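Here is the structure we will look at.
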Amino acid sequence: MLLEKIEAIKAQINELKAQNEEELEALRIKYLSKKGEITALFNDFRTVAPEQKREFGQRLNELKNLASEKISALKEEFKAKEKEANKIDITRPATPEVLGTRHPISLVRKQIIDIFSHLGFTLAEGPEIEDDWHVFSSLNFAADHPARDMQDTFFIEHDPNDVAKNILLRSHTSNDQSRIMETTQPPIRVICPGRVYRNEAISARAHCFFHQVEALYVDRNVTFADLKQVLLHFAKEMFGPDTKIRLRPSYFPFTEPSAEMDISCHLCGGKGCGFCKHTGWVEILGCGMVDPNVLEANGIDSTKYTGFALGMGIERITNLKYMVKDLRMFSENDVRFLDEFKTAH
């Protein structure tokens, strides 16, 4: 009978649980106090036959130790929880940290790159401080082209008698395309994002620095039809599947033929509104077939290869997507303005 009681109490102790210190104290009293169940077993031990006292005594001592260890373990758990609850993190800042957001220019830049990446274009980036050859001469700019004038370009070193010595802040990211063409033979399919600089008065519609993305594709049998399909795909991905495009003849030194691309106004659906000046169309980029002179200047055989190029201002695309009317807001770092783009990630 005593052995059965020992085993029964042992099973109960192995399953002991307590929700708080009050319940734990009640369990200690139940098993280990002077009137507890284990103490009662020691009183019954006097009735055990002499030849069995050693075995039963050992069993009782093991039971008492098990109960003490179990209750002590539960007590330590409560102390650890209380300590953790009252723990002070001395590394925690005194004021809450406010999470930032990506800049709208960065958001649109990434979206543009992703769209062209899905078409097989790889990322290429070049220096912002550049020589005349990669910014102008290799791209078919005449020596007397207006873009070389001090009024448009920030020159670091300027020699009007020898343009080859000119060092400047690039006025477009086409220098990246030139560097790719002079070191890589077709097929070439790259997209070139970056910051550019022009000597312009800062206003709501213009700035002395801004961001561009240009794309270049050179291979055998590249046609204007390929360019048009890429442009249509880009417009639909960026502004929605109902977007339409139109191409208007234009002029750029590095492309021939050249065009400017308009998209249907996504505010009025092409019906005409104040944003599109009631035309139903909004210009977003320039493009064209790479001039053979540019290919030859960069070491590519124009009798075997053709290509197209396109370029757009990231600020322009951002304006169209988010209706930001003042370009200066992109560089003023006003957190109230930046907070508006937290949901645009």
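The shown structure was predicted, so the numbers you read here are calculated from the model rather than taken from an experiment.
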Practice task
Could you tell me whether a side-chain N or O of S264 sits under 3.5 Å from a main-chain N or O of K244, the two making a donor and an acceptor?
Solution key: yes

Problem - Test item: T153 side-chain N/O and F155 main-chain N/O as donor-acceptor pair under 3.5 Å - result: no

Exercise for the section: Indicate whether the side chain of H134 and that of E182 have a donor and an acceptor atom separated by less than 3.5 Å. Expected result: yes

Exercise for the section: Using the six-membered ring wherever Trp is involved, compare the ring planes of H207 and F209 and label them parallel, tilted or perpendicular (cut-offs 30° and 60°). Expected result: perpendicular

Problem - L216/R189 under side-chain contact (heavy atoms from CB on, under 4.5 Å): CA gap, chis, key distance, verdict - result: CA-CA 6 Å; L216 173 70; R189 192 182 301 189; over 6 Å; no

Exercise for the section: Apply side-chain contact (heavy atoms from CB on, under 4.5 Å) to the pair N199 and S171, showing each step before the final yes or no. Expected result: CA-CA 9 Å; N199 193 0; S171 54; over 6 Å; no

Handout entry: Identified side chain to side chain contact (heavy atoms under 4.5 Å, CB included) counterpart of E157 within the set I167, D131, L168
Key = I167

Problem - Sidechain-backbone polar pair: S117 side chain, I113 backbone, donor-acceptor under 3.5 Å - result: yes

Exercise for the section: List the steps and the verdict of side-chain contact (heavy atoms from CB on, under 4.5 Å) for Y322 and V108. Expected result: CA-CA 10 Å; Y322 299 121; V108 174; 3.8 Å; yes

Practice task
Answer yes or no: is there a donor N or O on one side and an acceptor on the other, between the side chain of N298 and the main chain of S138, under 3.5 Å?
Solution key: yes

Handout entry: ring-ring contact (aromatic ring centres under 6.0 Å, His included) contacts touching residues 180-202 (sequence neighbours left out)
Key = none

Handout entry: Distance-only polar pair, side chains of E315 and H211, donor-acceptor under 3.5 Å
Key = yes

Problem - Side chain R170, main chain D176, donor-acceptor under 3.5 Å - result: no

Exercise for the section: Spell out, as yes or no, whether a donor-acceptor pair under 3.5 Å connects the side chain of Q212 to the backbone of G313. Expected result: no

Exercise for the section: Considering non-hydrogen atoms only, spot the tightest contact between A309 and T255 and give its length. Expected result: CB-CG2, 4.3 Å

Practice task
Show your working on side-chain contact (heavy atoms from CB on, under 4.5 Å) between H172 and L139 and close with a plain yes or no.
Solution key: CA-CA 11 Å; H172 49 201; L139 297 170; 3.8 Å; yes

Handout entry: Separation between CG of L119 and NE2 of H233, rounded to the nearest 0.5 Å
Key = 4.0 Å

Problem - From F252 atom CZ to F141 atom CZ, the distance as rounded to the nearest 0.5 Å - result: 10.0 Å

Exercise for the section: Assign the ring pair F116 / F121 to parallel, tilted or perpendicular, where the plane angle (0 to 90°) is split at 30° and 60°. Expected result: perpendicular

Exercise for the section: Grab the two heavy atoms, one from C208 and one from F154, that are nearest each other, plus how far apart they are. Expected result: O-CE1, 3.9 Å

Practice task
Please check if the side chain of H103 supplies one atom and the backbone of I105 the other of a donor-acceptor pair under 3.5 Å.
Solution key: yes

Problem - CZ on R109 to CD1 on I191, rounded to 0.5 Å - result: 9.0 Å

Problem - Shortest non-hydrogen contact from D152 toward P146 - result: OD2-O, 3.0 Å

Problem - Salt-bridge criterion met for D262 and R246 (N-O under 4.0 Å) - result: yes

Exercise for the section: Measure from the side-chain N and O atoms of N166 to the backbone N and O of D159, and report whether any donor-acceptor pair falls under 3.5 Å. Expected result: yes

Problem - Minimum side-chain heavy-atom gap F224-P257 below 4.5 Å - result: yes

Problem - Value rounded to 0.5 Å, distance of CG in N319 from CE in M323 - result: 8.5 Å

Exercise for the section: Could you tell me whether a side-chain N or O of T184 sits under 3.5 Å from a main-chain N or O of M181, the two making a donor and an acceptor? Expected result: no

Exercise for the section: Indicate whether any N or O donor in one side chain lies under 3.5 Å from an N or O acceptor in the other, for S137 and D132. Expected result: yes

Handout entry: Salt bridge present between R195 and E125 (N-O < 4.0 angstrom)
Key = no

